[in-house]
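One structure is given here, and the rest of the page talks about it.
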Amino acid sequence: MLVVMKFGGTAVESGERIRHISNIALNYQQKMGFDVILVTSAVKGMTDEILAVAESVKKGDKSAVNQFVDRLKRLHLSLIDSSIFDEAKKKEAKNTVSELVDLIKNVLHGMLPIREVTPKMLDYLLSFGERLSTFIVSVTIEDIGGSSQYLIGNDAGIVTDSNFGDALPLMDTTKLNVSHRLKPLLAKKVIPVITGFIGADQFGNITTIGRGGSDYTATIIAAGSRADEVWLWSDVDGLMTADPKIVSDARVIREASFAEALEMALFGAKYMHPRALEPAIESNIPMRIRNFMKIDDDGTLVVSNPGKNSHKIVKAISSIRHTALIDVSGVGMVGAPGTAGRIFDTLAKNKVNIMMISQSPSESSISMVVKKEVLQKATSTLELSLLGRVIKKIDVKEDVAVIAVVGSGMRGIKGVAARVFGAVGNKNINVIMIAQGSSELNLAFVVNDMDCVEVVRTIHGEFDLNNS
Ligand code: ASP
Ligand code: MG
């Protein structure tokens, strides 16, 4: 049995935890006889810090850069202090970490006078978060008595396009590479310990594959190494029936289909990178979402065809808070083919991602939900290129929440929408917009953000999800 295990940023944020997860991996290898491949994130918050230091570079703020470098060094050296016990290994690891920190320091100092950070440079900088944490995990495994090989994503075989910041892996090449590079290690009972989040393009430039990308790395590696399962270990118990911060008796979902998990990922359950599901779906590799602090707990199993008793009508309520709604209208839109196409095309060209769409049957208005951060870009784009021509009016609601009710059991069952909106209506809450995909896997709607908490609790109760 080959399992790819990904450990998130909270699993490497202290030396004790690094030791703990290294023990988990080794136990599965030595006591259960598994083949194990590890994928690791940067220490929690580190990616954000690197993004922030890039901003400091652009301002020419040398002292902020130096402070960052000092912190980076102190933090990772202190991780080594409590994760690696053997004195010789400790010393060697500290040397390597110091060298890596010197490298990023020199790069940052080189960039300071120019005050420019291109996307390509940024990806190079970002890679240090994962490189530092993953290296320490690898040495810790050796310190405990296992054998391991530290690999950066591209050394493990991940080749991507050159879309820095959000690069797409070239899957066929990658799969071949990964299998070639990892199989010989596994045959020798070596645990490959791979940086999440990072690949390289065909020219060898380091790329990153999108925020939260370590999950994606794990499934890419799983597909390439033909793993039997991929486990995403983090500090959450699994996929939940709702955000436990909103619903205190939310429960762990024991089994979900890939399709359901994808809906949940897209609709705000921040448990995984949405694209992370793709390689797992394509290669049909079961995925488990587990808590590294509760190793006896199986978490959530995500498979293509869950067992019969997991076909509940509604499985989860997700919410994406603080989004914005744009409503464009104009009688000129009625019966004018291509209007929607032009609107979405214009927005797409300006890199505005639309989360949800609905058009009134009269065709005189189209509503869209976007992230608040891109609202301004979205409206100015529409104003500049389409207002007065295709569209007559743009209305904006600035603080709304998208609620998604997810469950494959909804398909073909009558009255689900009636129950959802009946329950919401009984609370006197206004529903602003509704959309249901024809897959009937989810029913999504928009309310004012201030109503979000009550809506999620109400629907969770309506479908008895605390008793699942
Ligand atoms: N370190 C990266 C991020 O914070 C990737 C990850 O954690 O999955 O986005
Ligand atoms: Mg993460």
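Both ligands and their constituent atoms are indexed starting at 1 by order of listing. Nothing here was measured: the structure is a model prediction, and the numbers come from that model.
For Asp215, no nitrogen or oxygen atom sits less than 3.5 Å from a nitrogen or oxygen atom of ligand 1, counting backbone and side chain alike. Not one N or O of Phe197 is nearer than 3.5 Å to an N or O of ligand 1, by distance alone.
Residue Ser225 comes nearest to Lys183 through the heavy atom pair O-NZ, 3.2 Å, listed as atom of the first residue, atom of the second, then distance. Shown here for Tyr124 and Ser127, the closest heavy-atom pair between the two residues is O-OG, 2.7 Å.
If you look at Ser41 next to ligand 1, the close heavy atoms, those under 4.0 Å, all belong to the side chain.
Taking the six-membered ring for Trp and thresholds of 30 and 60 degrees, Tyr28 and Trp233 have ring planes inclined between 30 and 60 degrees apart.
Look at Gly213 and you'll find a heavy atom under 4.0 Å from some atom of ligand 1. Every heavy atom of Gly196 sits 4.0 Å or more from the atoms of ligand 1. Residue contacts with ligand 1: Glu130 is included, with a non-hydrogen atom under 4.0 Å away.
Put simply, the side chain of Leu232 reaches to within 4.5 Å of the side chain of Met287, judged on heavy atoms.
Each of the following atoms of ligand 1 lies closer than 4.0 Å to a heavy atom of Thr47: 1 (N), 2 (C), 3 (C), 4 (O). Those atoms of ligand 1 that come under 4.0 Å of a heavy atom in Arg211, given as number and element, are 3 (C), 4 (O), 9 (O).
Using modelled atom types, one finds a donor on one side chain and an acceptor on the other under 3.5 Å when comparing His322 with Asp399.
By the 6.0 Å and 45° rule, Arg19 stacks over the aromatic ring of Phe85.
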